[in-house]
Amino acid sequence: MNKMDFPAARSFALNPEAKPGSPEALAPYQDYGDRTYSTDRYVSREWARREWENMWTRVWTLAGVAKDIPDVGDYFRYDLGPESFIVTRHGAGPNDISAYYNVCHHRGNRLVMSEFGHARSFKCAFHSWEWNLDGTLKNIQDRETFRNAVVDDNPPLSPVRCEVWSGLVFINMDMDAAPLVDFLGEVADHLQPFHFENMHVVKDLETQWPCNWKIGHDAFIEVYHVHAVHPEILTFFNDREVQWDTYANGMSRQLLKFGEVSPKLDDHETLNDGLAYLLSEVEVTPEDFGKRSPNDARRVIQQAKRKWAEKRSIDYSEFTDNQLTDDWNYSFFPNITLNAHPEGLLIQRFRPHRSDPEKMTYDLLVLIRPVADPNYKVPAYMGVEDGTDLSGETRPERMHIEYGAEGLGYVINQDASMMGFVHQGVQSRGYRGARYSDQEQQLRHWHNELERYVRGEK
Ligand code: FES
Ligand SMILES: [Fe+2]
């Protein structure tokens, strides 16, 4: 294909033969027009207020991972903007997980301070009011000193909606919201073969970035920046021929081909180090690969990975060939991206600061599918350090990393280093708003959905 060709349908099909409705099928192309996007969304406090009232309080957001609270009484804290929630397992059933506002009904203290814990009840540290795991009131200290009218409702913890999809726990402050699966729509079906519910966390980190949460998020639903920010991955990543699909409720995806040389590079004749490394991960040596064209590498990796998995009794039968190599990169509106691979899942989450639209929290979670083989190594693209316990027996502690400090990982550090500058730049009197290419069509789709909420149309 000529380097400059771009399809009239504005999206490259990963599998032109895919049946309509199947996970690889190209979604019908939507034309999102050619307007620019205003910058008040990144800096205006009035925008942030409306975003909170009209959007955050009414959408499903990812609170955490069900596997992190396996036993009755286990809980984790989930903070979002000015709110904080307790997510706890109150029973042994797979969906016996509840979520409450993390607040005491007496004088408003936070009930839970730690990020993870185990409790038989939630007891306030200020004057000892206490609640059961199911949210019912357990005790009011010195109850006889309260007039009846003050406490005769026996206030239960204020609940929020809580639903589990594929082992991931989502909450919604809107008690009348449609169920989570309706909100997610068909993207939830595409990802079923990955069985996230069987995976466990092997990496968990949190960092503060000096930018609006949407500046951070915007950078992860396009790969247009890869040639400039991450040029070293172009040897094995096709950043140009991407299948972009957009769906209802602001959901979207980009299917990213790993194992192909970027059309932006000149050399498509020799087997480069990047491809050779991907081949080596599935036990194909350069000698095995022989004189084949590097353009065959992706198919060779797919076949070798099936054999490689069979040898280790890893069942990849539910995956298509393309799912074995490529990054199934989903954007769940409003604030997470999922990079799904047969070996595991990377989740990035972008959270607004409690009061300052110029700050955000970036979270990275890596989950791994358990494999019995003790010599098993996860592919480098999962970003898991050597020596990490992959067995699931120990849950790593959450790392808190300063902006600019080591620990985010090489590629994400490259992204992070831009964010503060972009946030400053969009406020310039010389800037006229975002101009998106068709490679950035997910951004148009996503921002259109955000605007519908902020304008009160959703
Ligand atoms: S604020 Fe919680 S018991 Fe007083
Ligand atoms: Fe990036």
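As the structure lists them, so they are numbered: ligands from 1, and atoms in each ligand from 1. The first residue of the sequence shown is numbered 1, and numbering continues consecutively from there.
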Self-check item: Main-chain N/O of Met175 paired to Arg161 side chain as donor or acceptor, under 3.5 Å
Solution: yes
Quiz prompt | Aromatic ring proximity His423/Tyr42, centre distance under 6.0 Å | solution = no
Quiz item: Around ligand 1, what residues show up once you keep those with a heavy atom under 4.0 Å from it?
Solution: Cys104, His106, Arg107, Asn109, Cys124, Phe126, His127, Ser128, Trp129
Self-check item: Within the 6.0 Å centroid threshold, strictly below: His190 and Tyr330
Solution: yes
Practice problem: With the Fe ion (ligand 2) as the reference point, give the N/O/S atom of His230 that is nearest. | Solution: NE2
Quiz item: When you measure from the centre of the six-membered ring of Tyr37, is the NZ or CZ of Arg41 under 6.0 Å away and within 45° of the axis?
Solution: no
Quiz item: How open is the angle at the Fe ion (ligand 2) from atom NE2 of His225 over to atom OD1 of Asp415, rounded to 10 degrees?
Solution: 100°
Quiz item: Nearest heavy-atom pair of His118 and Tyr75: which atoms, and what distance?
Solution: N-CE2, 3.5 Å
Exercise. Identify whether the distance between the nearest side-chain nitrogen and carboxylate oxygen of Lys203 and Glu385 falls below 4.0 Å.
Key: yes
Quiz prompt | side chain to side chain donor-acceptor pair (under 3.5 Å) partner of Arg349, chosen from Thr61, Thr337, Asn335, Asp363 | solution = Asp363
